[in-house]
Structures are given as C-alpha cells and as structure tokens.
Amino acid sequence: MKLSRRLAVGAVAGIVVLAVSGGVTAHLLDDPARGLTAAAHAGDAHCRELTGKAPRRLAGKERRSVGLDGVVVWGDQDVILRCGVASPTATTNPCFAANGIDWVLDERQSTPDRKVIVTFGRTPATQVAIRAQGVRTDEAILELSPLVEGIRKTGRCLDTGPA
C-alpha cells in the first residue's frame with residue numbers, strides 16, 4: 001500500500017509541475033515584449049511623447065502594454081514600434097514619403113515575414129517592424145507618420161543631391 005501511495009503522490013506532484021510549467025510557457029509565449037529591447041535613446045522626450053500618443057488600435061490590431069521605454073506593440077507583435085534607434089545615414093535602401101515623413105526600408109533587418117522601416121532625417125529615429133502576414137505595411141505607416149511629425153526634421157532621403 002505504501003508504494004502505491006508514493007506513486008500517487010509522485011504522479012500528482014508531476015502533474016502539478018507540468019501544469020505550472022505549461023502556464024509559465026504559455027505566459028512567456030503571450031508576452032508582447034518577448035525578445036524586445038528598448039533602443040539606445042528610448043528615454044528621449046520625443047520618444048515618450050510619441051509612444052504616449054500611439055493609437056489604441058493600428059491596422060486593425062489592439063495595442064498591448066510592454067513596459068519598455070520607447071516601445072509600442074500592436075497585436076501579437078504584428079507591429080512593433082521602437083523609438084530612439086540610430087538615424088540612418090545616406091543609403092541605397094528604398095525610401096518613400098508618407099504624410100510628409102521620410103521612411104527607409106531597412107533591407108538588412110527585413111525578412112520575407114517582417115518588414116523593418118525606419119524614419120529618415122529625424123533624431124531620434126523611429127523603427128517600425130511590420131509582420132507581412134495580416135498587416136498592410138502602407139496602412140500602418142500612414143497611421144504612424146503623424147506621430148513622428150513632432151521630431152525635428154534634419155534631412156530628407158528623397159533629396160536628389162546638390163542642385
């Protein structure tokens with residue numbers, strides 16, 4: 001009888017351990033900040049203002065709290081905004097303007113599943129990573145461009161050079 005009781009206690013303990021570890025794993029997988037870090041200049045006043053004004057919904061995705069300075073996430077990391085990244089310099093990467101804000105596609109960081117786009121000519125710069133599946137990049141950038149207007153413009157990526 002003692003052996004079966006020990007087996008029962010061991011089985012119950014095993015089930016409890018599995019349940020707790022499963023819950024912790026599920027929480028970590030659902031953590032909107034998983035794998036993210038704040039940018040070097042995320043504490044800049046412009047970044048605090050920008051993230052404070054970030055919309056509750058973006059491209060149909062709900063904003064989620066991440067607890068990192070200068071970082072905003074919508075959906076399950078469908079859109080990740082990081083303010084305070086290094087400003088890009090002259091580049092051959094594709095550049096475009098949206099609502100008066102110049103953006104550069106960071107081809108080095110982009111993947112087939114996620115496009116990484118950075119403001120150009122604004123310090124601190126703002127990086128937006130957009131999951132290609134389920135989010136329209138143009139829609140997200142058009143919605144986010146007004147947030148960046150308050151950051152002083154120092155240059156344009158669409159300049160054709162000296163006249």
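Counting all heavy atoms, side chain and backbone alike, E149 lies closest to N99 at OE2-O, 4.1 Å. Here the closest heavy-atom approach between residue A140 and residue L58 is recorded as O-CD1, 4.0 Å. Annotation for A54 and L147: closest pair CA-CD1, 3.9 Å, computed over non-hydrogen atoms. A98 and I141 make their closest contact through CB-CG2, 3.7 Å (heavy atoms, listed as atom of the first residue, atom of the second, distance). Taking all atoms of both residues into account, the shortest heavy-atom contact from P112 to A132 is O-CB, 3.7 Å.
Of the inter-residue distances, the one linking D78 atom CG with Q133 atom CD reads 10.0 Å to the nearest 0.5 angstrom. Distance check, rounded to the nearest 0.5 Å: CG of N93 to CD of E107 gives 4.5 Å. To the nearest 0.5 angstrom, L36 atom CG is 4.5 Å from I80 atom CD1. Atom OG of residue S110 and atom CG of residue D113 lie 11.0 Å apart, to the nearest 0.5 angstrom. Put simply, CZ on R136 and CG on L142 are 9.0 Å apart, with the number rounded to the nearest 0.5 Å.
For the pair I151/C47, no side-chain contact is recorded, criterion being any heavy-atom separation below 4.5 Å from C-beta on. The shortest side-chain heavy-atom distance between D76 and R64 falls under the 4.5 Å cut-off.
Here T37 pairs with R82 under the side chain to side chain contact (heavy atoms under 4.5 Å, CB included) rule; sequence neighbours left out. Partners of D106 by side-chain hydrogen bond (donor to acceptor under 3.5 Å, both in side chains), not counting sequence neighbours, listed by chain and number: Q109.
Panel note: side chain Q77, backbone R34; a donor-acceptor pair is recorded below 3.5 Å. Side chain of W103 to main chain of S145: no donor-acceptor pair is present (N/O by atom type, distance under 3.5 Å, no hydrogens or angles). Panel note: side chain T119, backbone A125; no donor-acceptor pair is recorded below 3.5 Å.
Within the structure, every pair that satisfies the side-chain hydrogen bond (donor to acceptor under 3.5 Å, both in side chains) test and touches residues 40-52, not counting sequence neighbours, is listed here: E49-K53.
Note: the hydrophobic cluster containing L81 also contains V79 (ILVMFWY, side chain heavy atoms under 4.5 Å, direct or indirect links). When the side chains of ILVMFWY residues are joined at heavy-atom separations under 4.5 Å, either directly or via intervening members, I101 and V118 end up in two distinct hydrophobic clusters. Criterion: ILVMFWY side-chain heavy atoms under 4.5 Å apart, direct or through other members. Under it, F120 and V85 are not part of a common hydrophobic cluster. Side-chain heavy atoms closer than 4.5 Å link hydrophobic residues (I, L, V, M, F, W, Y) into clusters, and following such links, even through other members, never connects V116 to L50.
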Test side-chain contact (heavy atoms from CB on, under 4.5 Å) on K153 and R122 and set out the steps.
CA-CA 5 Å; K153 186 176 184 178; R122 309 263 174 176; 3.9 Å; yes

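Between R57 and the choices E143, E62, E139, the salt bridge (charged side-chain N to carboxylate O under 4.0 Å, His left out) rule is met once, by E62.
Salt bridge D138/K115: absent, no basic N to carboxylate O contact under 4.0 Å.
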